[in-house]
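Taking it in order: structure first as structure tokens, then the write-up.
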Amino acid sequence: MRAAGAAGTGHLHGYLGRHAGVRLRLTVACAVLVAATVAVSGWLLVLLLDRSLTQAAQLNASQRADEIAAVLRADGPDAAGRRLSVARGETTIAQIVAGGRAVIASSPQVDGEAALTPTAVAAGATVSERLTDLPVGDGVPYRVVSQGVLVGGTTYQVIVAQSLESAEASVRTVRTLLLAGLPILVIVTAAAVFVFVGRTLRPVEEIRRQVSGITARDLSDRVPIPGAEDEVARLARTMNDMLERLERSQRVQRRFVADASHELRSPLATVKANLQLIGPGSSSPDWPETLAAMTSETDRLERIVTDLLLLAQADDSGLQLRREEVDLDDLVHLERQRLRATTTFEIAGDVVALRYYGDLHRLSQVVRNLADNAAAHATEQVVLGLSLRGSTAVIEVSDDGPGVSVGDRERIFERFVRLDDARARSAGGTGLGLAIVREVVWAHGGSVEVVGSLTGGASFRVLLPL
């Protein structure tokens, strides 16, 4: 049965932990904390009050005993006995007991009674005790102080009893007030916390409702920002920033998909049209031209798919590089030779010997894409060079073409962006080359920028830290 009860309690705590909201949990936690704090503080207060009142009674009894003892020493038992004749109802009572335990003087309240305490005290000694069986007070506790006094060869015992009734009444009153006020205080605190936390979390609930209504189809909505400059306001701003990034990413993704579909549709349509022209068993005299066109479009399809896969990998988990020792000057020299063999442009630029630890295939792709971009826009000259600036290798590719305006120098690295669309399509460009250049350079920890060229065109600079 005990195990079953423990299991039931555990299930209850688990259920509350899963289903109780922040508001309820904070309210319960604050109520428990306040109850525990007030209970401990109240217990300490009652303890200190009782000790303080008891010490005060002890002090009063001791002072009264000292006064009677002083009179007893100076004037004898008769004079001391007259000092005990106090009015009835006094909370302090006293006796003078001779050496044979005979009471020779006492306060009116205990007149004719035996000694208040059976404890015998030697001359010069003082004993303090708490007694509840005195012949007065109906069981009220007293603080009893006994002091031994030697007068004329006889030892007398001065007994003074101070009532603790008022002290205990005060302690009981405080205890009752604490016990009665504790539930009220806990209820008021819990209610205040419940209302305050509810008002504090109200903007959070509004944010939750707003976010729950935002779908992938429309990310333009934003959550409300509270007027107070607090954590909830910062949460709302962060949420809006996240929604803005998601919306921007969604726009880029949709545009990317649309552009990719458009780029793939053109070569596919060409291949399909040529296949329809050939037909089964066709002996068309245009077959060689048709085959060449289909081969060219198939190659273009392959390049587009390859570039798309590369960019998809970069978006998903980053480019996986196969690093090795690469002679950058060899890559630049190979592209210079290729441009001389395939174009009529003047190829210029200085090349220094540099070795870099990177991905040979990807770096070769960077130089090739920049060289093809320059050749596509140059009129007479392409500058392809390699230099060292401090601890950075700089690959610079320039042309003397129309250049790139300042407003387009960042946009040109986006996917499927072609500033000269008709010319790029005629050259078989897809608008992915510069985007791939930036992804590969970033993967190597470098950067790429485009500036104005001394020859009047555009100059692309790749900075690779050695």
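Computed from heavy atoms alone, side chains included, the values below leave out hydrogens, waters and symmetry copies.
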Non-hydrogen atoms of [X] and [Y] that approach each other most closely:
X	Y	result
A105	G81	CB-CA, 3.6 Å
V450	A458	CG2-CB, 4.2 Å
A65	Q147	CB-NE2, 4.0 Å
I159	S146	CG1-OG, 4.0 Å
V103	A115	CG2-N, 3.6 Å
A393	L354	CB-CD1, 3.8 Å

Are any non-hydrogen side-chain atoms of [X] and [Y] less than 4.5 angstrom apart?
X	Y	value
V332	E335	no
R438	L434	no
F460	V437	no
Y156	I104	yes
L388	L466	yes

- Inspect the contact between E244 and R237 and indicate whether a charged nitrogen and a carboxylate oxygen are less than 4.0 angstrom apart. no
- Item | Matching residue for S364 among D359, L331, L334 - test: side chain to side chain contact (heavy atoms under 4.5 Å, CB included) |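 Answer after filtering D359, L331, L334: L331.
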- Message: If we check side chain to side chain contact (heavy atoms under 4.5 Å, CB included) with L363, which of these qualifies: L321, I395, L328?
- Response: L328
First locate atom [atom1] of [X], then atom [atom2] of [Y], and finally report the distance between them rounded to the nearest 0.5 Å.
X	Y	atom1	atom2	result
Y357	H444	OH	NE2	10.5 Å
Q55	L53	CD	CG	9.5 Å
C30	R25	SG	CZ	13.0 Å
R172	R175	CZ	CZ	8.5 Å
Y356	L464	OH	CG	4.5 Å
N373	I412	CG	CD1	6.0 Å

What pairs with [X] under side chain to side chain contact (heavy atoms under 4.5 Å, CB included), at least two apart in sequence or on another chain?
X	value
R461	R389, E396, E449, V451, S459
A114	none
P141	R130, T132, L164, E168
S128	Q58, R143, V145

Using distance only, find each side-chain donor-acceptor pair of residues 178-197 under 3.5 Å and give its atom names and separation, not counting sequence neighbours.
unit_1 : atom_1 : unit_2 : atom_2 : d
T189   : OG1    : L185   : O      : 2.7

Side chain of [X], backbone of [Y]: donor and acceptor closer than 3.5 Å?
X	Y	value
Q157	T119	yes
N369	G433	yes
S107	Q109	no
E113	P135	no

- Message: Evaluate L116 against L131 for side-chain contact (heavy atoms from CB on, under 4.5 Å), listing each step before the verdict.
- Response: CA-CA 9 Å; L116 297 177; L131 299 176; 5.7 Å; no
- Message: Taking side-chain hydrogen bond (donor to acceptor under 3.5 Å, both in side chains) as the cut-off, I'd like each qualifying pair that reaches into residues 322-334, sequence neighbours left out, listed once.
- Response: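 Matches after skipping sequence neighbours: D327-R355.
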